[in-house]
There are 4 protein chains.
Amino acid sequence: MTDKRRRRLPRSVREQEIIDAALGVFSKRGYRAAVVDEIADLAGISKPMVYLYLGSKEGLFIACVRRESQRLAAAFREAAQAGDSPEQRLWAGLGAFFAFVAEHRDSWVVLHRQAPEQGEAIAQEIADARRSVMAEVNGLVRDGITKGGEADRLGEQEADFVAHALVGAADSLTDWMERHPGEPPERVTVRLMNVMWVGMRNVLVGEVWVPPQHDA
Amino acid sequence: MTDKRRRRLPRSVREQEIIDAALGVFSKRGYRAAVVDEIADLAGISKPMVYLYLGSKEGLFIACVRRESQRLAAAFREAAQAGDSPEQRLWAGLGAFFAFVAEHRDSWVVLHRQAPEQGEAIAQEIADARRSVMAEVNGLVRDGITKGGEADRLGEQEADFVAHALVGAADSLTDWMERHPGEPPERVTVRLMNVMWVGMRNVLVGEVWVPPQHDA
Amino acid sequence: MTDKRRRRLPRSVREQEIIDAALGVFSKRGYRAAVVDEIADLAGISKPMVYLYLGSKEGLFIACVRRESQRLAAAFREAAQAGDSPEQRLWAGLGAFFAFVAEHRDSWVVLHRQAPEQGEAIAQEIADARRSVMAEVNGLVRDGITKGGEADRLGEQEADFVAHALVGAADSLTDWMERHPGEPPERVTVRLMNVMWVGMRNVLVGEVWVPPQHDA
Amino acid sequence: MTDKRRRRLPRSVREQEIIDAALGVFSKRGYRAAVVDEIADLAGISKPMVYLYLGSKEGLFIACVRRESQRLAAAFREAAQAGDSPEQRLWAGLGAFFAFVAEHRDSWVVLHRQAPEQGEAIAQEIADARRSVMAEVNGLVRDGITKGGEADRLGEQEADFVAHALVGAADSLTDWMERHPGEPPERVTVRLMNVMWVGMRNVLVGEVWVPPQHDA
DNA sequence: CATGAATGAGCATTCATTCAT
DNA sequence: CATGAATGAATGCTCATTCAT
């Protein structure tokens with residue numbers, strides 16, 4: 001950046017730095033608008049190094065998507081493992097997911113907001129990443145809500161539906177957070193659970209909302 | 001395009017056709033990747049005409065955003081007006097919103113998925129559009145949930161929070177719908193209400209979810 | 001070039017001018033070293049026009065190869081048609097070929113000297129062009145030498161061999177001509193016939209050269 | 001490359017290996033398209049070594065041209081020395097030349113096919129090399145054909161003309177050979193003599209081919 | 001002696017935008 | 001009103017060449 005003049009770094013370190021820089025630029029500008037020169041500048045190296053390490057702009061993008069989707073999925077699994085009860089595990093997992101989305105804005109934007117219309121390889125990679133993240137949430141939802149009996153179990157489709165709603169809500173709430181800087185991520189998580197979990201639970205209990213009828 | 005050879009159209013009609021074309025292209029490709037040539041082709045006119053009508057690529061984009069955000073907001077208001085009870089109005093409004101998001105994929109993508117980092121004018125326009133849409137939902141949520149008494153009223157912040165969650169969930173569920181083509185939008189709306197409304201209502205009643213404690 | 005400021009030319013004319021320019025640059029520099037900017041400058045237009053008309057550097061090259069190989073083959077056929085006897089037709093054909101090679105140095109260099117290692121499409125195009133030129137010479141050689149009887153006919157292989165020798169000799173002699181500016185192409189043609197035709201004819205007559213034996 | 005790990009080689013040997021590699025790459029790709037990295041890889045050493053030994057890409061090319069033109073000229077001289085009669089010497093010399101061209105494809109391509117438009121130093125070197133090779137052939141032709149008497153002697157110009165024709169024919173026939181793998185180089189040499197020598201000899205004897213006249 | 005790490009400069013290609021008709 | 005023709009200004013990518021070790 002500023003001070004790093006002609007440092008000789010081992011490949012693995014440099015590579016991570018480049019991916020860091022790329023993530024920031026792709027997130028801020030989008031795939032097409034991102035300029036490799038800017039990534040190189042941000043990484044404190046010259047463009048040819050970027051190409052030596054990651055091969056192409058597409059390679060840069062794919063590297064970002066891969067690394068970040070793995071990080072996100074890992075954050076999930078680790079948090080969810082720590083819980084005692086299913087509810088706790090879901091809460092912990094959602095908290096981790098939400099914290100990740102809130103903190104690693106760049107990662108999330110690249111993973112979720114980039115339109116998957118950038119050529120076959122990229123579209124595939126994005127699709128894979130999203131699938132893997134969604135699968136993690138989906139698993140949490142199913143495990144969390146299932147209270148043991150077979151009857152409690154939400155069907156595959158239901159869980160998927162809820163997972164999408166959750167992920168979408170969390171995503172959108174990152175915007176909300178930016179306009180409410182005072183709110184700590186934990187409170188946001190609780191609030192989201194407030195709205196979503198109760199609904200999910202009641203759904204299980206059979207308390208289902210029905211469309212109101214027009215007054216006769 | 002197909003049959004439209006050298007038609008003489010009134011300014012207003014032609015302009016709408018151009019915006020239609022632009023919307024499709026911006027949605028499919030994203031702002032940067034969108035190519036004005038393609039928009040002109042799709043509109044069945046030459047590029048200079050596009051520039052004559054909308055001035056610039058940025059002008060095209062802004063026109064899309066303005067028109068679609070107005071349409072979306074209008075769909076809201078109209079649907080919400082028709083309801084008898086607050087709950088009904090919320091349901092109708094959400095249904096309209098959801099139907100719009102599901103049906104007008106292009107509009108929604110341009111309105112919500114485009115990163116607002118494409119220059120000052122565009123960023124402003126996108127921000128405005130999102131604010132206006134969110135305000136509409138926000139109003140519905142406040143009206144819908146407030147059952148009359150002052151005590152029932154969710155605070156400004158709460159409503160905004162819920163509105164964000166709703167919009168995000170709905171957005172994300174458009175992806176879900178694409179993978180479940182059999183589900184009609186109405187069922188998706190009901191399902192979303194299933195999860196969200198019950199939660200929202202219970203929140204009002206005071207039944208608040210609390211983070212589970214670790215076993216001592 | 002110099003005076004052509006912002007001329008509006010019909011596509012077909014401009015296209016030929018661009019190919020003219022490209023031919024000169026490819027000939028002078030070789031495919032890789034050729035710079036599209038130089039071609040554009042030489043054609044008196046901007047680079048985007050070049051791409052609009054011929055699509056790519058490869059497209060430029062292929063257009064050159066196609067046009068020039070057709071011109072060369074046509075020059076052949078026309079000249080050879082005019083002759084009365086086979087010998088005359090061969091002489092006329094060779095003269096035309098030789099005049100073409102000598103006059104259109106650029107065409108010949110692009111057709112014959114460019115290494116066929118520039119990617120599949122180009123290699124194929126070059127190979128096709130060479131084959132077509134060689135086939136023309138080959139046909140002349142066979143027709144020219146064949147004096148009617150079946151016995152006189154050189155086999156396919158022989159004709160091909162002779163054609164290669166002829167073409168190579170003519171090619172090489174263009175260098176010689178550049179160092180002997182006084183020699184008119186006609187004299188060079190005669191000289192080449194002097195050496196080659198007599199050999200070819202004698203071969204037919206059975207007067208075959210045999211390797212000299214070492215003195216015992 | 002394969003087994004050569006960190007071998008310590010004397011300068012002269014390593015240098016030859018580098019030139020070997022360079023020759024292959026320059027021949028296959030042409031000067032511009034040749035990439036120094038590939039040369040270094042092929043030589044089994046790192047790029048800085050290449051630069052240490054030969055100084056620059058241009059230096060590599062010049063080294064190739066020098067070494068190969070000397071080899072070719074030497075092959076000539078040696079073969080021509082062994083002959084008893086002038087005819088025998090010419091035949092032997094041409095055979096050597098032809099064998100060289102056919103066998104050392106790379107050398108010949110670099111020497112003869114590379115466009116001499118790559119900068120002053122290279123152009124000069126290529127020109128020198130070609131001149132020296134051509135001088136050798138020229139000498140053979142003059143010596144070979146001259147049967148003693150002054151009258152038999154072809155003029156300087158004639159010999160040069162014939163030399164160019166010979167070299168060009170031989171060059172072109174290397175292409176022919178690639179499509180007729182069964183033909184041994186010796187037969188090709190004989191065949192070439194068949195066509196060329198008889199013509200050359202007859203020219204000396206005064207049997208000159210004259211352009212056929214149109215039928216009156 | 002030998003190399004992994006690094007870069008300045010160049011080139012093919014694209015695209016928003018504007019004239020001349 | 002409408003368009004074909006044209007371009008300036010990027011941007012992705014490559015390559016000869018050089019340090020620091």
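By convention in this document, chain letters (A, B, ...) are assigned in the order of the sequence lines, proteins followed by strands, and residues within each chain are numbered from 1.
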Starting at [atom1] of [X] and ending at [atom2] of [N], how long is that distance when rounded to a whole Å?
| X | N | atom1 | atom2 | value |
| --- | --- | --- | --- | --- |
| A/Arg29 | F/dA10 | CZ | C1' | 14 Å |
| C/Met49 | E/dC19 | CE | C1' | 12 Å |
| B/Ile45 | F/dG4 | CD1 | P | 12 Å |
| C/Ile122 | E/dA12 | CD1 | P | 12 Å |
| B/Tyr31 | E/dA16 | OH | P | 8 Å |
| C/Leu54 | E/dA12 | CG | C1' | 14 Å |
| A/Leu60 | F/dG12 | CG | P | 10 Å |
| D/Asp41 | F/dA16 | CG | P | 12 Å |

Checklist line | Toward the 5' end of DNA chain E, by each residue's nearest nucleotide, B/Asp37 or D/Leu52 | finding: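 Result of the comparison: D/Leu52.
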Note to self: Any base atoms under 4.0 Å from B/Ala34, or only sugar-phosphate, or nothing? Heavy atoms, all strands.
What the structure shows: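 Here B/Ala34 touches the backbone only, sparing every base.
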Item checked: Gap separating the CG atom of A/Leu9 from the CD1 atom of A/Ile45, nearest 0.5 angstrom -> 9.5 Å
Checklist line | Nearest-0.5 Å distance, CD1 of residue A/Ile62 to CD of residue A/Gln124 | finding: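 Nearest 0.5 Å value for the CD1-CD distance: 10.0 Å.
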Note to self: Does B/Arg66 have more than 12 heavy atoms from other residues, nucleotides or ligands lying within 6.0 Å of its CZ?
What the structure shows: no
Note to self: Suppose we call a contact any N or O donor and acceptor under 3.5 Å apart; does that hold for the side chain of B/Lys47 and the base of F/dT3?
What the structure shows: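 Donor-acceptor pair under 3.5 Å: no.
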[X] vs [N]: side-chain N/O to OP1/OP2 distance below 4.0 Å:
| X | N | value |
| --- | --- | --- |
| C/Arg32 | F/dC15 | yes |
| B/Arg14 | F/dA2 | yes |
| C/Arg11 | F/dA5 | yes |

Taking the side chain of [X] as heavy atoms from C-beta outward, which of [options] is closest to it?
| X | options | result |
| --- | --- | --- |
| A/Pro48 | E/dG8, F/dA16, F/dA6 | E/dG8 |
| C/Val35 | E/dA12, F/dG12, E/dA16 | E/dA12 |
| D/Ser46 | F/dA16, F/dG12, E/dA2 | E/dA2 |
| A/Ser56 | E/dA2, F/dC13, F/dA16 | F/dC13 |
| C/Tyr53 | F/dT7, F/dG4, F/dA6 | F/dA6 |
| D/Tyr51 | E/dA2, F/dT17, F/dC13 | F/dT17 |

Notebook entry, point to check: Do D/Trp108 and D/His104 have their ring centres less than 6.0 Å from each other?
Noted result: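 No, ring centres 6.0 Å or more apart.
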Checklist line | Closest-nucleotide 5' rank along DNA chain F - winner of A/Ala33 and C/Pro10 | finding: C/Pro10
Next item on the list: Find the partner of E/dC1: check Watson-Crick (N1-N3 plus N6-O4 or O6-N4) and G-U wobble (N1-O2, O6-N3) distances, both under 3.5 Å, and reply none if neither fits.
Entry: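 With both distances under 3.5 Å required, E/dC1 matches none.
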Notebook entry, point to check: Taking a pair as Watson-Crick or G-U wobble with both distances under 3.5 Å, which nucleotide is matched to F/dA16?
Noted result: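 Pair assignment: F/dA16 / E/dT7.
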Check: Taking it one step at a time, do C/Gln16 and C/Arg67 satisfy side-chain hydrogen bond (donor to acceptor under 3.5 Å, both in side chains)?
Finding: CA-CA 10 Å; C/Gln16 292 308 309; C/Arg67 195 184 74 177; 2.7 Å; yes
Notebook entry, point to check: Do D/Glu125 and D/Phe61 have side chains that get closer than 4.5 Å, going by heavy atoms?
Noted result: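 No, every pair of side-chain atoms sits at 4.5 Å or beyond.
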